[in-house]
S.K.: 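Take this structure, written in structure tokens, and hold onto it; I'll ask about it next.
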Amino acid sequence: MKRIGVLTSGGDSPGMNAAIRAVVRKAIYHDIEVFGIYHGYTGLMNDEIKKMEIGSVADIIHRGGTMLYSSRCPEFKTVEGQLKGVENLKKHGIEGLVVIGGDGSYRGAQKLTGHGFPTIGIPGTIDNDIPGTDFTIGFDTALNTVIQAIDKIRDTATSHERTYVIEVMGRDAGDIALWSGLADGAESILIPEENYEMSDILARLKRGHDRGKRHSIIVVAEGVGSGVEIGKEIQEAMNMETRVTVLGHVQRGGSPTATDRVLASRLGARAVELLLEGAQDRTVGIHNNQIIDLDINEALKMPHKVDQKMVQLARELSI
Ligand code: F6P
């Protein structure tokens with residue numbers, strides 16, 4: 001293999017730049033040429049493909065977002081779109097592709113491998129919902145952004161003796177809510193993977209109130225439903241002054257943490273190695289701090305599971 005491509009797709013995540021850098025530098029280290037595909041699968045179909053050099057990825061390791069830009073591209077779900085993408089890659093003499101993104105991006109990668117084009121997936125999403133890896137690139141940074149926000153909210157919640165409902169991202173996964181809720185000592189954490197009873201949340205609030213606690217933090221994953229609605233229900237049921245904060249896209253930005261930069265560097269380098277070893281359809285990940293890889297088709301069949309021990313721990317510590 002003499003020429004490879006790299007693209008980022010779907011919701012961006014902090015650390016994607018560090019992953020692009022690792023792919024480019026590792027490839028050049030092995031005398032492989034690298035082409036950047038701009039705007040994800042949209043750019044792949046529109047032939048937005050340019051050669052990258054060592055200097056193309058200088059000064060980006062600490063930056064959030066993605067220098068290759070990103071897109072969500074429904075057209076790539078069509079066979080015509082996919083074949084157009086393969087044709088463009090071949091036109092540039094590109095023999096293998098690295099796709100950095102979340103599950104939607106992985107499905108695109110799976111299609112490319114189905115058309116016989118060697119493709120390796122790198123898990124890049126704040127949601128931490130990609131099977132086959134303990135952590136995705138961007139999760140740690142998003143988590144730190146969330147806990148900084150909740151720490152600030154806690155200050156004002158304490159001053160005004162209010163209950164705060166904080167809605168966090170994660171799409172259908174509860175990892176951001178669970179980890180940030182645990183890290184911030186939230187009274188209740190609502191995640192889509194676990195049923196919840198409003199009566200339990202109210203009972204917890206009452207228990208706290210009865211022993212003199214005058215403020216509370218409840219973290220809600222967006223996959224559960226609207227934080228605003230949950231806040232209204234609590235206010236009405238408890239007659240407690242309640243405010244709601246929807247953290248939104250602030251969770252997707254910012255300089256990546258050291259953990260995300262290192263993870264991105266390790267995964268990016270391994271993805272290139274796999275292409276050089278002749279792999280066709282793998283995804284890279286981290287498990288027990290070891291870099292692993294598995295079949296992308298198998299990975300996509302695995303359900304995302306939330307860590308039950310963490311769920312239990314969060315319950316036990318927020319009595
Ligand atoms: O997948 C990352 C993510 O930020 C999810 O947490 C969220 O549901 C979604 O993307 C938001 O997508 P968009 O930026 O397209 O509104």
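Reckoned from all heavy atoms, side chains included, excluding hydrogens, waters and symmetry mates. First listed ligand is number 1; within each ligand, the first listed atom is number 1.
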S.K.: So which protein heavy atom does atom 12 (O) of ligand 1 come closest to, and at what separation?
M.R.: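 In this structure, atom 12 (O) of ligand 1 has Arg72 NH2, 3.0 Å as its nearest protein heavy atom.
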S.K.: Minimum distance, heavy atoms only, to atom 14 (O) of ligand 1: which one of His249, Glu222, Gln251 is it?
M.R.: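 The residue whose heavy atom sits nearest atom 14 (O) of ligand 1 is His249.
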S.K.: Quick one: nearest non-hydrogen protein atom to atom 9 (C) of ligand 1, plus distance?
M.R.: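 Its nearest protein heavy-atom neighbour is Arg171 NH2, 3.5 Å.
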S.K.: Give a yes-or-no answer on whether the side chains of His304 and Asn128 include a donor-acceptor pair shorter than 3.5 Å.
M.R.: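 Their side chains do not contain a donor-acceptor pair, so the 3.5 Å distance test is not met.
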S.K.: Do Thr163 and Arg214 have side-chain N/O donor and acceptor atoms under 3.5 Å apart?
M.R.: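 Thr163 vs Arg214: no donor-acceptor pair found between side chains.
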S.K.: Looking only at distance, does Gly170 have an N or O less than 3.5 Å from an N or O of ligand 1?
M.R.: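 N/O-N/O distance below 3.5 Å exists for this pair.
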S.K.: Keeping Thr66 on the side-chain end and Leu68 on the backbone end, is there a donor-acceptor pair under 3.5 Å?
M.R.: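 It does hold such a pair.
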S.K.: Should Arg63 and Ser255 be marked as a side-chain contact (heavy atoms from CB on, under 4.5 Å) after you check the CA-CA gap, both sets of side-chain angles, and the distance that decides it?
M.R.: CA-CA 5 Å; Arg63 292 189 201 283; Ser255 177; over 6 Å; no
S.K.: Suppose we measure from atom 4 (O) of ligand 1 to each protein heavy atom; which comes out shortest, and what is that distance?
M.R.: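 Of every protein heavy atom, Arg252 NH1, 2.8 Å lies nearest to atom 4 (O) of ligand 1.
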S.K.: For Tyr164 and Thr245, which I'm curious about, is there any donor-acceptor pair between the side chains at under 3.5 Å?
M.R.: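 Short answer, no.
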S.K.: Which residue and non-hydrogen atom of the protein lie closest to atom 6 (O) of ligand 1, and at what distance in Å?
M.R.: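 Protein heavy atom at minimum distance: Asp127 OD1, 2.7 Å.
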